[in-house]
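Everything numeric here is computed off the predicted structure, so don't read it as measured data.
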Amino acid sequence: MGAYRILVNVTVEHAYFSGQHCKNLEFIPSESCAVLLRRAGLLLKSSESGIAVYFDEEKINILRLHAEDDLVLTFKVFSKDNNFFRYTAPGAPPDDAILFFDTQQVTRDAADKQLLHPDAYAAADAWLKLTADPLPAILERKDYLVKPVFIVRVCITAGAEGLCSDKLDDAARKFYIRFTTNQTYWKYYILGDLSKRNVYIADLDNTLQFENLGNVTLPGNRTAIQLLSSKAISLHELPDQRLQLKESTGTGDRVLVKRLPNASVEQVHAEMISDKIASVSEIYIN
């Protein structure tokens with residue numbers, strides 16, 4: 001057995017996470033992919049943000065023989081986080097579609113990274129109908145009950161520019177899928193004694209403004225003041241907004257809550273904002 005070298009690497013980046021690397025992903029080889037990995041003597045290493053496939057240097061000729069006969073590795077990718085599509089743009093695909101990425105469709109970004117989508121981030125144009133080739137040959141019956149969040153197809157070719165070539169450097173073997181984060185309007189509900197005061201939200205960074213929508217009666221006959229952000233805000237695993245709840249009085253303003261909690265992906269729903277359906281994060285302050 002010789003030394004193992006990298007054949008191909010796929011990394012998933014996500015603007016939601018600090019450090020940009022996606023978390024909680026699980027890469028499952030399709031049935032045919034698992035067979036091909038064994039036959040070609042390839043070694044698979046996976047993490048929660050990507051996969052790497054290695055080959056034995058002493059068996060490169062065997063690998064090339066397999067590559068001449070259409071060596072295609074397909075991975076079904078699941079997220080262990082049920083909120084994945086809440087914080088991921090373009091959101092959940094329709095029930096009859098799935099996100100699909102292919103190493104034969106590459107776009108280079110400004111840093112010369114190989115992206116598996118035409119734009120800076122994955123978008124709705126990556127949705128593929130479940131009935132479209134090659135999905136019926138990839139998906140098992142159970143995958144229609146719990147769909148992968150996306151599918152990655154890696155094509156190993158034996159040509160001079162293919163992944164079996166000795167001329168390729170490591171950068172040419174690395175591919176990226178990059179997701180951006182969803183945006184939501186933040187709506188604070190100010191309850192209890194605070195709802196009886198002349199309150200407003202101040203942003204210590206002076207980038208956000210909040211509009212007072214007036215009072216609303218919540219279940220349990222509770223009165224709350226509604227304060228809505230003037231624009232949608234990107235969701236992040238570790239939000240960096242610094243918001244305070246203040247009260248205007250005749251003698252000046254004073255701080256009631258030094259640091260308001262930020263939006264959570266657990267509390268997101270659809271609502272009409274400026275005559276359009278938008279995602280709204282609800283935060284309750286007692």
J.: Under a 3.5 Å threshold, yes or no: a donor from one side chain and an acceptor from the other, between D253 and Y200?
T.: yes

J.: With distance as the sole criterion, is a donor-acceptor pair present between the side chains of H66 and E68 under 3.5 Å?
T.: no

J.: Flag yes if more than 12 heavy atoms outside E237 fall under 6.0 Å of its CD atom; otherwise flag no.
T.: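 Yes, because the 6.0 Å sphere around CD of E237 holds more than 12 heavy atoms from other groups.
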
J.: If the plane angle is over 60° it's perpendicular, under 30° parallel, otherwise tilted; pick one for F150 and F179.
T.: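 F150 and F179: tilted rings.
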
J.: Tell me if a side-chain donor or acceptor on R86 pairs with a main-chain N or O of V265 at a distance below 3.5 Å.
T.: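 Side chain of R86 to backbone of V265: a pair is present.
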
J.: State the CD1-OG1 distance between I156 and T103, to the nearest 0.5 angstrom.
T.: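 If I round to the nearest 0.5 Å, the distance is 6.5 Å.
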
J.: Apply the test side chain to side chain contact (heavy atoms under 4.5 Å, CB included) to residues F210 and L228: give CA-CA distance (whole Å), side-chain angles for both, the deciding distance (0.1 Å), then the verdict.
T.: CA-CA 5 Å; F210 287 79; L228 179 70; 5.7 Å; no

J.: A quick test of your reading: do over 12 heavy atoms of other residues, nucleotides or ligands sit less than 6.0 Å from CG of D193?
T.: no

J.: Judged by modelled atom types alone, do S279 and T184 share a side-chain donor-acceptor pair under 3.5 Å?
T.: no

J.: Check for me whether K23 meets the cation-pi criterion with F17, that is, NZ or CZ under 6.0 Å from the six-membered ring centre and within 45 degrees of the ring axis.
T.: no

J.: Assess whether salt bridge (charged side-chain N to carboxylate O under 4.0 Å, His left out) is satisfied between D109 and R178, documenting all intermediate values.
T.: CA-CA 11 Å; D109 69 0; R178 188 175 294 155; 3.2 Å; yes

J.: Charged N to carboxylate O under 4.0 angstrom, E26 versus K76?
T.: no

J.: Any chance you could lay out the salt bridge (charged side-chain N to carboxylate O under 4.0 Å, His left out) test for K187 and E271, step after step, and finish with the verdict?
T.: CA-CA 11 Å; K187 180 185 283 190; E271 186 175 317; 2.7 Å; yes

J.: Mind checking the CH2-CD1 spacing from W186 to I233? Nearest 0.5 Å is all I need.
T.: 5.0 Å

J.: Just checking, is any N or O donor in the side chain of N182 or Y16 under 3.5 Å from an acceptor N or O on the other one?
T.: no

J.: Are more than 12 heavy atoms from other residues, nucleotides or ligands located less than 6.0 Å from atom CG of D95?
T.: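 Result for CG/D95: open.
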
J.: Tell me, do L194 and I285 make a side-chain contact under 4.5 Å, heavy atoms counted?
T.: yes

J.: Does the side chain of N83 come under 3.5 Å of the side chain of E266 through a donor N or O and an acceptor N or O?
T.: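 Short answer, yes.
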
J.: Please walk me through it: do K113 and E13 pass side chain to side chain contact (heavy atoms under 4.5 Å, CB included)?
T.: CA-CA 12 Å; K113 286 185 175 182; E13 299 178 341; 3.3 Å; yes

J.: Kindly state each residue pair satisfying salt bridge (Lys or Arg N to Asp or Glu O under 4.0 Å) with at least one member in residues 121-133, sequence neighbours excluded.
T.: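 Applying salt bridge (Lys or Arg N to Asp or Glu O under 4.0 Å) to every pair that reaches into residues 121-133, excluding sequence neighbours, yields D96-K129.
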
J.: Inspect the surroundings of CD in E31 and state if more than 12 heavy atoms from other residues, nucleotides or ligands are less than 6.0 Å away.
T.: no

J.: Could you point out which residue of Q244, R197, K246 forms a side-chain contact (heavy atoms from CB on, under 4.5 Å) with L256?
T.: R197

J.: Are there more than 12 heavy atoms of other residues, nucleotides or ligands under 6.0 Å from atom CD1 of I277?
T.: no

J.: Verify whether one side chain among S264 and N262 offers a donor that lies under 3.5 Å from an acceptor in the other.
T.: no

J.: Going by distance alone, is a donor N or O of one side chain under 3.5 Å from an acceptor N or O of the other, for H14 and T181?
T.: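 H14 vs T181: no donor-acceptor pair found between side chains.
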
J.: Considering all heavy atoms of both residues, which atom of A92 and which atom of W127 are nearest to each other, and what is their separation?
T.: O-CZ2, 3.8 Å

J.: Side chains of S281 and Q267: do they bring a donor and an acceptor to under 3.5 Å?
T.: no

J.: Relative to Y54, does K45 satisfy both conditions: NZ or CZ under 6.0 angstrom from the six-membered ring centre, and within 45 degrees of the ring's axis?
T.: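 Satisfied, under 6.0 Å and within 45°.
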
J.: Tell me, yes or no, whether the heavy-atom count around R39 atom CZ, taken from other residues, nucleotides or ligands under 6.0 Å, exceeds 12.
T.: no

J.: Of the options T207, D205, D203, which is the one that meets R242 in a side chain to side chain donor-acceptor pair (under 3.5 Å)?
T.: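 So the option named by the test is D205.
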
J.: Is it the case that atom NE2 in H236 sees more than 12 heavy atoms from other parts of the structure closer than 6.0 Å?
T.: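 Atom NE2 in H236 is crowded, with more than 12 foreign heavy atoms closer than 6.0 Å.
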
